[in-house]
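A short worksheet on the structure shown next.
First listed ligand is number 1; within each ligand, the first listed atom is number 1. Hydrogens, waters and symmetry mates are skipped; everything else that's a heavy atom, side chains included, is used.
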Amino acid sequence: MSSPHCAIEVRDLRKTYAASGKMPEKQALNGISLAIPTGSIFGLLGPNGAGKSTFINILAGLVRKTSGSVRIWDLDIDQHPRQSRAAIGVVNQEVVADPFFTPFEMLELMAGFYGVPKAERRSVEILAALGLEDKKDAYVRQLSGGMKRRLMVAKALVHAPPVLILDEPTAGVDVELRRLLWDYVRELHDRGTTIILTTHYLEEAEELCDTIAIVNHGEIVACEPTARLLSRLDYKTLVIQPKEPLSALPADLAGLDAVIRPDGSLAITFKTAETGIGRLLERVRTSGIAIGDLSTESPDLEDVFVSLTSETA
Ligand code: ADP
(Lines give C-alpha, C1' and ligand atoms only; values in the text may rest on other atoms or scores of the structure.)
Protein backbone atom coordinates (compact mmCIF):
# COMPACT_ATOMS: atom_id res chain seq x y z
CA MET A 1 0.00 0.00 0.00
CA SER A 2 1.49 3.39 -0.96
CA SER A 3 1.62 5.90 1.85
CA PRO A 4 -0.37 9.12 1.77
CA HIS A 5 1.41 12.41 2.34
CA CYS A 6 -0.49 12.95 5.58
CA ALA A 7 -1.15 10.20 8.11
CA ILE A 8 -3.86 12.27 9.79
CA GLU A 9 -5.66 15.34 8.47
CA VAL A 10 -8.11 17.16 10.67
CA ARG A 11 -10.14 20.25 9.72
CA ASP A 12 -12.00 22.49 12.13
CA LEU A 13 -12.69 19.67 14.55
CA ARG A 14 -15.14 20.52 17.32
CA LYS A 15 -16.50 18.58 20.25
CA THR A 16 -19.09 19.74 22.75
CA TYR A 17 -19.97 17.34 25.56
CA ALA A 18 -23.65 17.69 26.48
CA ALA A 19 -24.58 18.86 29.96
CA SER A 20 -25.28 16.04 32.37
CA GLY A 21 -26.38 16.20 35.99
CA LYS A 22 -24.71 19.20 37.58
CA MET A 23 -22.04 19.36 34.86
CA PRO A 24 -22.67 22.14 32.34
CA GLU A 25 -22.10 21.69 28.61
CA LYS A 26 -18.37 21.57 27.84
CA GLN A 27 -16.61 22.61 24.64
CA ALA A 28 -13.62 20.32 24.68
CA LEU A 29 -12.37 21.02 21.13
CA ASN A 30 -12.87 24.46 19.62
CA GLY A 31 -11.94 24.04 15.97
CA ILE A 32 -8.73 22.06 15.65
CA SER A 33 -6.98 21.79 12.29
CA LEU A 34 -3.87 19.66 11.91
CA ALA A 35 -1.97 17.88 9.17
CA ILE A 36 0.30 15.19 10.58
CA PRO A 37 2.83 14.09 7.96
CA THR A 38 3.42 10.40 7.34
CA GLY A 39 6.63 9.27 9.00
CA SER A 40 6.71 11.79 11.81
CA ILE A 41 6.73 11.41 15.57
CA PHE A 42 4.18 14.02 16.37
CA GLY A 43 3.56 15.27 19.89
CA LEU A 44 0.33 16.76 21.20
CA LEU A 45 1.42 18.60 24.28
CA GLY A 46 -0.90 20.30 26.72
CA PRO A 47 -1.97 20.45 30.36
CA ASN A 48 -4.68 18.25 31.85
CA GLY A 49 -8.09 19.12 30.47
CA ALA A 50 -6.68 20.65 27.26
CA GLY A 51 -8.62 18.24 25.03
CA LYS A 52 -5.90 15.74 24.09
CA SER A 53 -7.84 12.60 25.02
CA THR A 54 -10.98 13.89 23.35
CA PHE A 55 -8.99 14.33 20.14
CA ILE A 56 -7.48 10.84 20.37
CA ASN A 57 -10.82 9.25 21.24
CA ILE A 58 -12.43 10.80 18.18
CA LEU A 59 -9.70 9.28 15.99
CA ALA A 60 -10.19 5.95 17.74
CA GLY A 61 -13.95 6.03 17.21
CA LEU A 62 -14.69 6.15 20.94
CA VAL A 63 -16.06 9.70 20.98
CA ARG A 64 -18.38 11.16 18.35
CA LYS A 65 -17.25 14.53 17.00
CA THR A 66 -19.70 17.44 16.97
CA SER A 67 -18.42 18.83 13.65
CA GLY A 68 -15.40 19.05 11.38
CA SER A 69 -13.67 16.42 9.28
CA VAL A 70 -11.07 13.77 10.05
CA ARG A 71 -9.07 11.71 7.55
CA ILE A 72 -6.91 8.83 8.74
CA TRP A 73 -4.47 7.40 6.19
CA ASP A 74 -6.43 9.30 3.51
CA LEU A 75 -9.77 7.78 4.55
CA ASP A 76 -12.60 9.94 5.88
CA ILE A 77 -13.79 8.54 9.22
CA ASP A 78 -17.46 9.21 8.38
CA GLN A 79 -17.33 7.61 4.94
CA HIS A 80 -14.96 4.74 5.82
CA PRO A 81 -15.27 4.17 9.55
CA ARG A 82 -13.90 0.63 9.57
CA GLN A 83 -11.02 1.00 7.12
CA SER A 84 -9.86 4.30 8.58
CA ARG A 85 -9.71 2.81 12.06
CA ALA A 86 -7.85 -0.26 10.86
CA ALA A 87 -5.02 2.11 9.93
CA ILE A 88 -4.43 3.12 13.54
CA GLY A 89 -3.47 1.37 16.73
CA VAL A 90 -4.36 3.19 19.93
CA VAL A 91 -2.75 2.73 23.31
CA ASN A 92 -4.92 4.26 26.01
CA GLN A 93 -3.99 5.27 29.50
CA GLU A 94 -6.10 2.63 31.16
CA VAL A 95 -4.59 -0.75 31.66
CA VAL A 96 -7.39 -3.16 30.97
CA ALA A 97 -6.09 -6.66 30.78
CA ASP A 98 -8.26 -9.70 31.05
CA PRO A 99 -6.76 -11.70 33.90
CA PHE A 100 -7.85 -15.06 32.49
CA PHE A 101 -5.83 -14.87 29.29
CA THR A 102 -2.11 -15.15 28.75
CA PRO A 103 -0.36 -12.33 26.84
CA PHE A 104 -0.01 -14.62 23.82
CA GLU A 105 -3.72 -15.50 23.85
CA MET A 106 -4.65 -11.84 24.20
CA LEU A 107 -2.68 -10.87 21.12
CA GLU A 108 -4.08 -13.76 19.10
CA LEU A 109 -7.58 -12.72 20.13
CA MET A 110 -6.97 -9.13 19.07
CA ALA A 111 -5.46 -10.30 15.76
CA GLY A 112 -8.59 -12.39 15.18
CA PHE A 113 -10.72 -9.37 15.98
CA TYR A 114 -8.90 -7.39 13.28
CA GLY A 115 -9.16 -10.29 10.83
CA VAL A 116 -5.42 -10.89 10.59
CA PRO A 117 -4.94 -14.35 8.99
CA LYS A 118 -3.11 -16.90 11.20
CA ALA A 119 -0.11 -17.06 8.87
CA GLU A 120 0.41 -13.29 9.13
CA ARG A 121 0.21 -13.00 12.91
CA ARG A 122 3.33 -11.84 14.72
CA SER A 123 2.27 -12.27 18.34
CA VAL A 124 5.54 -13.78 19.56
CA GLU A 125 7.66 -11.25 17.69
CA ILE A 126 5.69 -8.34 19.15
CA LEU A 127 5.91 -9.74 22.70
CA ALA A 128 9.65 -10.22 22.28
CA ALA A 129 10.13 -6.66 21.04
CA LEU A 130 8.48 -5.39 24.21
CA GLY A 131 10.52 -7.59 26.50
CA LEU A 132 7.60 -9.89 27.31
CA GLU A 133 8.71 -13.05 25.54
CA ASP A 134 9.25 -15.03 28.73
CA LYS A 135 5.81 -13.96 29.98
CA LYS A 136 4.08 -15.16 26.85
CA ASP A 137 2.25 -17.96 28.64
CA ALA A 138 1.92 -16.41 32.10
CA TYR A 139 -1.44 -15.24 33.36
CA VAL A 140 -1.90 -11.53 32.81
CA ARG A 141 -2.80 -11.09 36.48
CA GLN A 142 0.72 -12.24 37.35
CA LEU A 143 2.36 -9.42 35.40
CA SER A 144 3.73 -6.29 37.03
CA GLY A 145 2.17 -2.91 36.30
CA GLY A 146 4.93 -2.06 33.86
CA MET A 147 4.53 -5.34 32.01
CA LYS A 148 0.77 -4.81 31.68
CA ARG A 149 1.51 -1.40 30.25
CA ARG A 150 3.82 -2.90 27.62
CA LEU A 151 1.19 -5.50 26.85
CA MET A 152 -1.23 -2.66 26.05
CA VAL A 153 1.28 -1.38 23.48
CA ALA A 154 1.62 -4.90 22.07
CA LYS A 155 -2.15 -5.19 21.70
CA ALA A 156 -2.29 -2.01 19.62
CA LEU A 157 0.27 -3.44 17.20
CA VAL A 158 -1.22 -6.80 16.22
CA HIS A 159 -2.70 -5.54 12.96
CA ALA A 160 0.55 -3.75 12.02
CA PRO A 161 -1.11 -0.33 11.77
CA PRO A 162 0.86 2.34 9.86
CA VAL A 163 -0.11 4.88 12.54
CA LEU A 164 0.31 4.30 16.27
CA ILE A 165 -1.31 6.61 18.79
CA LEU A 166 -0.04 6.69 22.34
CA ASP A 167 -2.18 8.56 24.85
CA GLU A 168 0.03 9.65 27.76
CA PRO A 169 2.25 6.59 27.35
CA THR A 170 4.40 7.21 30.39
CA ALA A 171 2.03 8.86 32.87
CA GLY A 172 2.78 7.36 36.25
CA VAL A 173 5.50 5.10 34.87
CA ASP A 174 8.93 4.78 36.47
CA VAL A 175 12.04 6.15 34.77
CA GLU A 176 13.37 2.77 33.63
CA LEU A 177 10.15 1.73 31.95
CA ARG A 178 9.79 5.17 30.43
CA ARG A 179 13.20 4.76 28.72
CA LEU A 180 12.24 1.28 27.50
CA LEU A 181 8.99 2.54 26.00
CA TRP A 182 10.76 5.49 24.38
CA ASP A 183 13.34 3.15 22.84
CA TYR A 184 10.61 0.97 21.43
CA VAL A 185 8.69 3.95 20.06
CA ARG A 186 11.86 5.03 18.23
CA GLU A 187 12.37 1.53 16.89
CA LEU A 188 8.82 1.40 15.53
CA HIS A 189 9.35 4.80 13.98
CA ASP A 190 12.59 3.63 12.34
CA ARG A 191 10.64 0.75 10.85
CA GLY A 192 8.22 3.22 9.24
CA THR A 193 5.37 3.67 11.71
CA THR A 194 3.99 7.18 12.09
CA ILE A 195 3.69 7.95 15.80
CA ILE A 196 1.36 10.38 17.51
CA LEU A 197 1.67 10.82 21.22
CA THR A 198 -0.01 12.97 23.79
CA THR A 199 1.82 14.09 26.87
CA HIS A 200 1.89 16.78 29.48
CA TYR A 201 5.63 16.36 29.93
CA LEU A 202 7.64 18.82 27.87
CA GLU A 203 10.67 16.60 28.38
CA GLU A 204 8.95 13.63 26.76
CA ALA A 205 7.84 15.62 23.71
CA GLU A 206 11.30 17.15 23.45
CA GLU A 207 13.01 13.76 23.64
CA LEU A 208 10.86 11.94 21.09
CA CYS A 209 8.96 14.24 18.76
CA ASP A 210 10.08 15.92 15.57
CA THR A 211 7.05 18.20 15.61
CA ILE A 212 5.06 19.46 18.58
CA ALA A 213 1.57 20.90 18.63
CA ILE A 214 0.57 22.63 21.84
CA VAL A 215 -3.08 22.35 22.82
CA ASN A 216 -4.73 24.52 25.41
CA HIS A 217 -8.46 24.95 26.09
CA GLY A 218 -9.35 22.90 23.02
CA GLU A 219 -7.25 24.94 20.62
CA ILE A 220 -3.87 24.54 18.96
CA VAL A 221 -1.77 27.42 20.22
CA ALA A 222 1.43 26.41 18.41
CA CYS A 223 2.53 23.73 15.96
CA GLU A 224 6.10 23.66 14.79
CA PRO A 225 9.28 21.58 14.55
CA THR A 226 10.58 20.73 18.02
CA ALA A 227 13.88 22.57 17.59
CA ARG A 228 12.14 25.78 16.57
CA LEU A 229 9.70 25.59 19.46
CA LEU A 230 12.51 24.99 21.93
CA SER A 231 14.61 27.81 20.51
CA ARG A 232 12.01 30.15 21.94
CA LEU A 233 12.97 28.71 25.27
CA ASP A 234 16.73 29.03 25.05
CA TYR A 235 16.99 30.58 28.46
CA LYS A 236 17.77 29.34 31.93
CA THR A 237 17.52 30.73 35.41
CA LEU A 238 20.56 30.70 37.64
CA VAL A 239 19.55 30.52 41.30
CA ILE A 240 22.13 31.56 43.87
CA GLN A 241 21.85 31.13 47.62
CA PRO A 242 24.04 33.88 49.07
CA LYS A 243 25.91 33.19 52.30
CA GLU A 244 24.46 36.41 53.71
CA PRO A 245 20.80 37.25 52.99
CA LEU A 246 20.37 40.02 50.41
CA SER A 247 18.22 43.03 51.18
CA ALA A 248 18.60 44.68 47.79
CA LEU A 249 20.08 43.95 44.38
CA PRO A 250 23.67 45.19 44.13
CA ALA A 251 24.01 48.06 41.64
CA ASP A 252 26.66 46.05 39.77
CA LEU A 253 23.95 43.65 38.61
CA ALA A 254 21.94 46.36 36.86
CA GLY A 255 20.98 45.39 33.35
CA LEU A 256 20.52 41.71 34.23
CA ASP A 257 17.12 40.04 34.53
CA ALA A 258 17.66 39.47 38.26
CA VAL A 259 15.26 39.27 41.20
CA ILE A 260 15.50 38.43 44.87
CA ARG A 261 13.08 35.63 45.67
CA PRO A 262 11.05 35.49 48.90
CA ASP A 263 13.43 32.85 50.29
CA GLY A 264 16.34 35.28 49.88
CA SER A 265 17.89 33.59 46.86
CA LEU A 266 18.99 35.54 43.82
CA ALA A 267 17.46 34.40 40.53
CA ILE A 268 19.03 35.56 37.28
CA THR A 269 17.38 34.60 33.99
CA PHE A 270 19.65 34.60 30.95
CA LYS A 271 19.70 33.54 27.29
CA THR A 272 21.90 30.49 27.00
CA ALA A 273 23.00 31.41 23.47
CA GLU A 274 24.15 34.88 24.52
CA THR A 275 25.49 34.61 28.04
CA GLY A 276 27.90 32.07 29.45
CA ILE A 277 27.22 30.95 32.99
CA GLY A 278 30.88 31.56 33.89
CA ARG A 279 30.67 35.25 32.98
CA LEU A 280 27.45 35.56 34.93
CA LEU A 281 29.00 34.05 38.06
CA GLU A 282 31.98 36.35 37.70
CA ARG A 283 29.65 39.36 37.74
CA VAL A 284 27.89 38.04 40.83
CA ARG A 285 31.20 37.58 42.61
CA THR A 286 32.54 41.03 41.71
CA SER A 287 29.30 42.55 42.98
CA GLY A 288 30.36 41.34 46.41
CA ILE A 289 27.91 38.46 46.89
CA ALA A 290 29.40 35.42 48.61
CA ILE A 291 27.90 32.37 46.91
CA GLY A 292 26.67 29.67 49.31
CA ASP A 293 25.02 27.36 46.82
CA LEU A 294 23.75 27.47 43.27
CA SER A 295 21.49 25.64 40.81
CA THR A 296 19.92 26.23 37.41
CA GLU A 297 16.29 25.92 36.33
CA SER A 298 15.14 25.15 32.78
CA PRO A 299 11.83 26.26 31.29
CA ASP A 300 8.90 23.85 31.59
CA LEU A 301 5.48 23.57 29.99
CA GLU A 302 4.16 26.53 32.00
CA ASP A 303 6.94 28.69 30.62
CA VAL A 304 6.11 27.60 27.07
CA PHE A 305 2.59 28.90 27.54
CA VAL A 306 3.76 32.16 29.08
CA SER A 307 6.24 32.68 26.26
CA LEU A 308 3.64 31.85 23.58
CA THR A 309 0.89 34.00 25.01
CA SER A 310 3.19 36.95 25.62
CA GLU A 311 4.28 36.79 21.97
CA THR A 312 0.75 36.88 20.63
CA ALA A 313 -0.48 39.50 23.14
P1 ADP B 1 -6.85 16.00 28.30
O2 ADP B 1 -6.78 14.65 27.69
O3 ADP B 1 -6.02 17.02 27.57
O4 ADP B 1 -6.58 16.01 29.76
P5 ADP B 1 -9.73 15.77 27.86
O6 ADP B 1 -9.93 15.61 26.40
O7 ADP B 1 -9.81 14.56 28.71
O8 ADP B 1 -8.35 16.57 28.13
O9 ADP B 1 -10.81 16.80 28.42
C10 ADP B 1 -11.08 18.06 27.80
C11 ADP B 1 -12.24 18.72 28.54
O12 ADP B 1 -13.45 18.00 28.28
C13 ADP B 1 -12.10 18.73 30.05
O14 ADP B 1 -12.63 19.94 30.55
C15 ADP B 1 -12.92 17.56 30.51
O16 ADP B 1 -13.43 17.79 31.81
C17 ADP B 1 -14.05 17.53 29.49
N18 ADP B 1 -14.54 16.15 29.25
C19 ADP B 1 -13.79 15.08 28.86
N20 ADP B 1 -14.58 13.98 28.72
C21 ADP B 1 -15.84 14.37 29.03
C22 ADP B 1 -17.12 13.70 29.07
N23 ADP B 1 -17.24 12.41 28.75
N24 ADP B 1 -18.20 14.43 29.43
C25 ADP B 1 -18.08 15.74 29.74
N26 ADP B 1 -16.93 16.42 29.72
C27 ADP B 1 -15.81 15.77 29.37
Side-chain angles (χ1 to χ4, degrees), residues 7-36 40-72 77-78 81 84-85 88-96 149 152-153 155-156 163-173 178 181-182 185 194-209 211-224 226 229 299-309:
I8 308 270
E9 240 183 316
V10 170
R11 292 228 178 97
D12 200 22
L13 184 62
R14 290 170 194 272
K15 173 65 192 180
T16 305
Y17 290 105
S20 78
K22 283 188 184 147
M23 296 291 287
E25 182 179 277
K26 173 76 198 173
Q27 282 200 331
L29 298 180
N30 296 322
I32 285 201
S33 297
L34 271 181
I36 301 179
S40 63
I41 306 191
F42 191 94
L44 270 179
L45 181 68
N48 283 328
K52 304 181 298 294
S53 297
T54 300
F55 178 80
I56 298 303
N57 287 337
I58 291 172
L59 298 186
L62 300 171
V63 165
R64 188 185 277 272
K65 64 185 162 63
T66 305
S67 64
S69 71
V70 178
R71 292 178 82 78
I72 302 174
I77 60 166
D78 294 329
S84 61
R85 261 139 216 160
I88 54 172
V90 183
V91 186
N92 282 111
Q93 289 167 46
E94 289 121 282
V95 177
V96 268
R149 195 110 187 176
M152 293 300 106
V153 179
K155 257 178 83 178
V163 185
L164 182 68
I165 298 180
L166 301 157
D167 193 7
E168 304 266 358
T170 62
V173 156
R178 181 174 300 178
L181 283 172
W182 286 357
V185 167
T194 302
I195 313 270
I196 297 161
L197 75 91
T198 73
T199 182
H200 57 266
Y201 301 121
L202 178 62
E203 186 207 353
E204 182 158 67
E206 185 181 341
E207 174 89 16
L208 282 177
C209 304
T211 308
I212 298 177
I214 298 189
V215 202
N216 199 20
H217 300 303
E219 287 174 25
I220 304 281
V221 292
C223 178
E224 43 191 69
T226 305
L229 189 86
D300 60 14
L301 186 53
E302 282 306 311
D303 300 307
V304 181
F305 284 121
V306 172
S307 135
L308 287 170
T309 39

Near Glu224 CD, under 6.0 Å, is it more than 12 heavy atoms from other residues, nucleotides or ligands?
yes

Any side-chain to backbone donor/acceptor pair from Thr16 onto Gln27? Under 3.5 Å, distance only.
no

Donor-acceptor contact present, side-chain Arg11 to main-chain Arg71, <3.5 Å:
no

Mind checking side-chain hydrogen bond (donor to acceptor under 3.5 Å, both in side chains) for Thr226 and listing every partner two or more places apart, or none if nothing turns up?
none

Go ahead and list the nitrogen or oxygen contacts between ligand 1 and the protein that come in under 3.5 Å, distances to 0.1 Å, or just say none.
unit_1, atom_1, unit_2, atom_2, d
ligand 1, 2 (O), Ser53, N, 2.8
ligand 1, 2 (O), Ser53, OG, 2.8
ligand 1, 3 (O), Ala50, N, 3.1
ligand 1, 3 (O), Gly51, N, 2.9
ligand 1, 3 (O), Lys52, N, 2.9
ligand 1, 3 (O), Lys52, NZ, 2.9
ligand 1, 4 (O), Gly49, N, 2.7
ligand 1, 6 (O), Thr54, N, 2.9
ligand 1, 6 (O), Thr54, OG1, 2.5
ligand 1, 8 (O), Gly51, N, 3.1

Mind checking salt bridge (charged side-chain N to carboxylate O under 4.0 Å, His left out) for Glu168 and listing every partner two or more places apart, or none if nothing turns up?
Lys52

Taking salt bridge (charged side-chain N to carboxylate O under 4.0 Å, His left out) as the definition, give me every residue that meets it alongside Glu204, ordered by chain and number, with sequence neighbours left out.
none

